[in-house]
Number of protein chains: 2
Amino acid sequence: MKIELQKVLPADIEKRSFEMITEELGERIIPEELAPIVKRVIHTSADFDYYENMKFSPAVAKRIAEALRAGACIVTDTQMAKAGINKKLLETFGGEVFCFMADEDVAKAAKENGTTRATASIEKAAQLDRPVIFAIGNAPTALVRIYELFSEGKLNPQAVIGVPVGFVNVVESKELILSSTMPHIVAAGRKGGSNVAAAICNAILYMMRDGQL
Amino acid sequence: MKIELQKVLPADIEKRSFEMITEELGERIIPEELAPIVKRVIHTSADFDYYENMKFSPAVAKRIAEALRAGACIVTDTQMAKAGINKKLLETFGGEVFCFMADEDVAKAAKENGTTRATASIEKAAQLDRPVIFAIGNAPTALVRIYELFSEGKLNPQAVIGVPVGFVNVVESKELILSSTMPHIVAAGRKGGSNVAAAICNAILYMMRDGQL
């Protein structure tokens with residue numbers, strides 16, 4: 001068996017990947033201001049289902065960029081998403097990423113209240129004295145708690161990137177966010193993940209860097 | 001709109017998720033010793049394509065467990081996979097995870113040799129004086145270099161978890177590993193990712209903890 005590798009220079013691999021994604025999307029058009037986000041999610045997953053799945057509230061990318069420039073932080077529900085977000089670039093805009101999942105006070109509060117740690121970590125985020133963008137890639141219970149606190153007037157996030165993955169209440173938790181008036185980016189259905197959450201954040205950061213946002 | 005949430009206790013969410021996966025797999029049977037791995041990958045991706053995609057060399061899970069117990073380390077190509085692997089549990093078996101991608105010597109070698117940093121990080125891993133299991137979730141160039149060094153007799157990994165995701169040479173790099181005699185777990189095709197690499201490692205660690213391996 002002879003396996004032929006494409007000859008692509010290291011610096012050109014990502015560019016060539018995005019060209020392949022664009023070619024394969026073909027007639028499936030994405031609005032210009034959203035295309036870098038959808039394509040980066042497809043790039044991180046090799047899954048063209050995201051062309052259909054991804055839902056955006058109006059001008060959400062612009063709002064996230066403005067919020068980051070005005071000092072918002074990103075709060076995520078996994079160390080993996082935190083690891084995947086381009087923190088160096090985020091810092092150039094004054095941003096920062098927090099993940100409270102491994103914090104002792106969060107573990108304690110979750111145990112006392114009989115909730116998931118994700119729920120408790122959202123409650124901790126609601127106490128922050130700076131604007132927050134949520135990037136939820138794992139825990140539907142995090143999305144549910146964001147929705148509840150928003151409905152009770154106790155939390156007002158700049159935006160919710162709601163892309164948990166899986167089975168128990170994942171679809172439902174995303175429907176809650178889609179039904180709300182919070183600015184949002186949601187991957188409807190079961191699919192998503194920490195990698196998808198990080199890819200969405202990075203796509204927006206790259207558009208900010210490149211003057212597109 | 002009324003959105004109904006399933007009532008599941010926090011401690012039971014993962015168990016219920018795996019039950020849902022098993023129900024949905026239905027007649028699609030997976031050999032007992034591989035089922036926890038395939039199901040955990042579906043759990044982390046909500047993508048049943050992995051039922052078809054995942055390829056295992058004979059007794060590979062057993063070999064990885066034995067290698068870890070004998071002092072092997074895991075080398076991965078992303079900080080995200082490193083973040084996702086259950087390091088506390090790995091440590092109980094004496095294991096450790098390395099990711100060399102952000103190391104200065106790797107960046108320097110890549111620049112000098114005109115390779116990707118992933119290629120350079122595999123060359124660094126080949127210098128380790130302990131047995132290595134690779135968990136590659138991102139860079140096909142890492143898999144290609146593993147294959148080349150193995151073919152030249154310069155690297156003899158205990159196993160290769162080869163699940164990079166994407167477009168340029170991803171399918172081909174996995175075919176190289178599948179065609180080799182290295183023990184391997186591969187997600188054939190374009191799909192994979194850091195989350196999938198971490199899920200495979202964790203599935204094996206949980207089987208070791210639970211006496212299944």
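- For CD of E152(B), the number of neighbouring non-hydrogen atoms (other residues, nucleotides, ligands) closer than 6.0 Å is greater than 12.
- Annotation for A46(A) and G166(B): closest pair CB-N, 4.0 Å, computed over non-hydrogen atoms.
- Comparing K82(B), R16(B), E24(B) by heavy-atom pairs within less than 4.5 Å of chain A, the highest count is held by E24(B).
- For chain B, the option among N195(A), N169(A), T116(A) with the highest count of heavy-atom pairs below 4.5 Å is N169(A).
- The aromatic rings of F167(B) and H43(A) lie parallel to each other, their planes meeting at an angle below 30°, with 60° marking the opposite boundary.
- Expressed to the nearest 0.5 Å, how far OG of S173(B) lies from CG of L5(A) amounts to 8.0 Å.
- The line from CE of M80(B) to CD1 of I85(A) is 8.5 Å long, rounded to the nearest 0.5 Å.
- Proximity to chain B is limited to the backbone of S45(A), based on heavy atoms less than 4.5 angstrom apart.
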inquiry  = Please evaluate residues K2(B) and E175(A) with respect to the criterion salt bridge (charged side-chain N to carboxylate O under 4.0 Å, His left out), reporting the C-alpha separation (whole Å), side-chain torsions for both, the decisive distance (0.1 Å), and the verdict.
reply    = CA-CA 10 Å; K2(B) 180 81 189 105; E175(A) 284 172 356; over 6 Å; no
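- For S17(B), the parts lying under 4.5 angstrom from a heavy atom of chain A are both the backbone and the side chain.
- When all heavy atoms are compared, the tightest approach of P10(B) to G114(A) is CG-O, 3.5 Å.
- When heavy atoms are compared at a cutoff of 4.5 Å, V144(A) approaches chain B solely by way of its side chain, counted from C-beta outward.
- For I42(B), the parts sitting under 4.5 Å from any heavy atom of chain A are the backbone and the side chain alike.
- For chain A, the nearby part of E4(B) is the backbone; its heavy atoms alone come within less than 4.5 Å.
- When each of T44(A), T141(A), V196(A), D47(A) is checked for heavy-atom pairs under 4.5 Å with chain B, D47(A) comes out on top.
- The parts of V168(B) that come within reach of chain A are both its backbone and its side chain, each placing non-hydrogen atoms under 4.5 angstrom from that chain.
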